[in-house]
Amino acid sequence: MEEDNMAKRESTFLNMFLALFAVTFIAAFTLGFVYELTKDAIDNSKIKAQNEAISKILPEFDRLGDPLKVPDESGSDTLEFFPAYKNDKFVGVAVKTFSKKGFSGFISIMAGIDNSGNFSGYQVLEHAETPGLGSKMESWFSNTEKSGQCIIGKNPGSHQFVVTKDGGDIDAITASTISSRAFLDALVKAYNVYKEKENEISGITGE
Amino acid sequence: MKSPVLPGNNLDVMDHWKNFSKGFIKENPVFVLLLGMCPTLGVTSSAINGLGMGLATTFVLLMSNIVVSLIKNLIPDKVRIPSFIVIIATFVTVVQLIMEAYVPALYESLGLFIPLIVVNCIVLGRAEAFASKNKIFSSALDGLGIGLGFCFALVLLGGIRELLGSGKIFDITVYPESYVTLLFVLAPGAFIVLGYLIAVINLINKEKGKK
Amino acid sequence: MNYFVIILGAILVNNIVLMQFLGICPFLGVSKRLSTAVGMTGAVAFVMVLATIATYLIQVFILNPLGLAFLQTIAFILVIASLVQLVEIILKKVSPALYQALGIFLPLITTNCAILGVAILTIQKEFNLVEGVIFAASNAVGFGLALTIFAGIREHLDMQNVPKGLKGTPIALITAGILAMAFMGFSGLV
């Protein structure tokens with residue numbers, strides 16, 4: 001081993017103070033610099049992820065209106081609405097909705113509702129369910145070949161958005177009834193709030 | 001043993017190689033030293049998560065080892081540990097910011113375990129036990145070696161769990177999902193697979209010791 | 001009701017050790033005897049609650065107003081490290097008996113990721129101070145629960161005929177896996 005023999009600084013109060021001060025000062029300076037450097041990229045990547053999710057779930061649009069925050073029935077949480085327009089005509093709205101009834105609690109979903117009031121798509125944004133279930137949710141309820149489990153083109157007015165096990169019209173994901181209930185809960189919540197505020201939301205042209 | 005060409009005179013080459021390679025099996029931080037268990041168990045539900053975590057930790061280890069070795073004589077003994085912690089925390093935050101900016105998806109899935117690199121005993125352990133006593137070059141090799149050893153352990157564990165639990169490796173499907181044992185990507189699977197892996201590594205090290 | 005969900009969630013459903021994988025080092029390290037497990041739990045509970053309060057105040061009154069949230073990691077670990085030192089010094093003076101019981105565990109706590117983890121989670125979950133304290137205390141109980149059960153099992157394991165290759169850490173980890181399986185039964189509870 002190559003032991004260094006240079007003398008260490010003694011642990012006097014002044015030395016300790018200076019050393020710690022210098023270390024923290026340089027650390028803070030470095031971090032401030034890196035923060036400035038990455039700040040824009042971080043903001044952009046968040047917005048990009050959100051816009052990507054929205055564009056996947058709505059009919060074609062060319063412009064998004066200002067987001068609108070609406071409190072849910074309990075009043076303690078909010079849903080976020082992103083109205084979308086094509087040639088200044090309202091084509092649908094993306095709703096950032098959620099459910100707290102998941103197997104492990106919170107599930108966040110971005111759901112698209114088109115201008116005739118049907119679901120046009122959805123993206124699972126956040127969940128703490130069993131690993132892999134997020135991607136399963138993504139494909140299960142959007143599988144247009146299996147009408148029993150697909151929610152695209154339906155709405156809670158035309159179909160009962162409850163799993164078949166509980167007497168509804170939607171087939172639950174195999175072996176994941178609780179997560180499926182939570183998923184539908186989030187969608188119904190989005191739909192109900194949308195119906196309540198329909199005129200307000202579709203009426204905004206953002207101009 | 002084969003030695004790759006490394007800077008330094010011939011006598012040193014073996015030493016350098018040893019500093020670098022010990023982290024893989026012989027002194028593997030996870031399998032042998034049993035350090036850094038929280039991220040090891042927490043993020044290895046897939047090989048890619050293991051790789052991301054391993055590389056992030058390697059970066060922090062390498063940089064903190066270099067800096068600690070660089071300033072070891074400027075820091076009085078009594079404030080050694082707090083200074084090391086500040087240095088490590090700085091690099092952890094750098095990694096955190098960079099990952100959030102450029103690989104947001106990976107950042108999301110590793111979540112809490114990124115800031116927790118700061119309390120990973122491996123990092124502080126190497127700073128205290130090696131970098132504070134050795135020259136820059138050996139310290140850098142030590143950091144890199146141990147870091148890659150950690151990475152190796154995480155990818156191995158993540159790969160096995162992903163293969164058994166979701167039938168994929170690095171997100172490429174190997175066999176159909178209907179045959180998977182979901183348990184392995186859940187919490188109990190982490191403990192069980194690591195337990196058996198350690199048993200196997202123990203066996204390998206024992207066999208090597210006999211020779 | 002809300003508090004009840006936090007408590008049950010932290011102790012059983014998302015048990016900090018068995019489900020979140022925080023504090024694994026002490027979980028494996030000091031779980032060979034029941035008595036040390038209890039001592040460690042006491043020390044962790046004490047520091048976890050104090051650290052959560054301290055870091056919460058720092059986040060809300062210093063980092064957030066100044067827009068310095070990115071300094072969270074560095075600020076929190078420094079606070080926790082100094083807090084542990086402070087607790088050690090004060091405990092030594094004020095209550096030598098308690099110091100005797102918890103003292104040897106305190107230095108280990110700075111690098112216990114459960115403490116920093118709970119402090120960060122409290123901020124991430126947007127708890128207020130009261131919820132944060134309850135969350136921290138429940139997590140400490142969860143930590144203690146997992147640790148004592150595990151220590152109890154390991155004491156018995158010593159006398160069992162374990163296959164040679166699995167002796168020591170491997171069998172401990174597999175036991176922890178089975179314990180985690182048992183805790184999975186609580187999921188969906190809240």
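Lettering follows sequence order; numbering is per chain, from 1. Hydrogens, waters and symmetry mates are skipped; everything else that's a heavy atom, side chains included, is used.
Using a 4.5 Å heavy-atom cutoff, the side chains of C:Q72 and B:T93 are not in contact. The shortest side-chain heavy-atom distance between B:Y196 and C:L166 falls under the 4.5 Å cut-off.
Of the listed residues (B:P188, B:G195, B:C121, B:G111), the one with the most heavy-atom contacts under 4.5 Å to chain C is B:P188. Contact tally against chain B (heavy-atom pairs below 4.5 Å) for C:N112, C:T175, C:L173: the top residue is C:L173. Per-residue counts of heavy-atom pairs under 4.5 Å with chain C were compared for B:N120, B:L203, B:I114, B:L112; the largest is that of B:L112.
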- Task: Check step by step if side-chain contact (heavy atoms from CB on, under 4.5 Å) holds for C:F76 and B:V118.
- Result: CA-CA 10 Å; C:F76 280 19; B:V118 86; over 6 Å; no
- Message: Could you go through C:F21 and B:T44, starting from their C-alpha distance and side-chain angles, then the distance that decides it, and tell me whether this counts as side-chain contact (heavy atoms from CB on, under 4.5 Å)?
- Response: CA-CA 11 Å; C:F21 302 111; B:T44 51; over 6 Å; no
- Query: Step by step, would you call B:F113 with C:L22 a side-chain contact (heavy atoms from CB on, under 4.5 Å)?
  - Reply: CA-CA 9 Å; B:F113 285 99; C:L22 298 175; 4.0 Å; yes
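Qualifying ring-ring contact (aromatic ring centres under 6.0 Å, His included) partners for B:F91, counting only residues two or more places apart in sequence or in other chains: none. With sequence neighbours left out, the side-chain contact (heavy atoms from CB on, under 4.5 Å) criterion links C:F127 to C:I6, C:T122, C:K125, C:E131, C:F135.
With a 4.5 Å cut-off on non-hydrogen atoms, C:L28 touches chain B through its side chain but not through its backbone. No part of C:Q85 comes within reach of chain B, as not one of its non-hydrogen atoms sits under 4.5 angstrom from that chain. If you measure heavy-atom distances from C:L78 to chain B, the contacts under 4.5 Å come from the side chain alone.
For the atom pair CD1 (B:I117) and OG1 (C:T73), the distance works out to 9.5 Å, reported to the nearest 0.5 Å.
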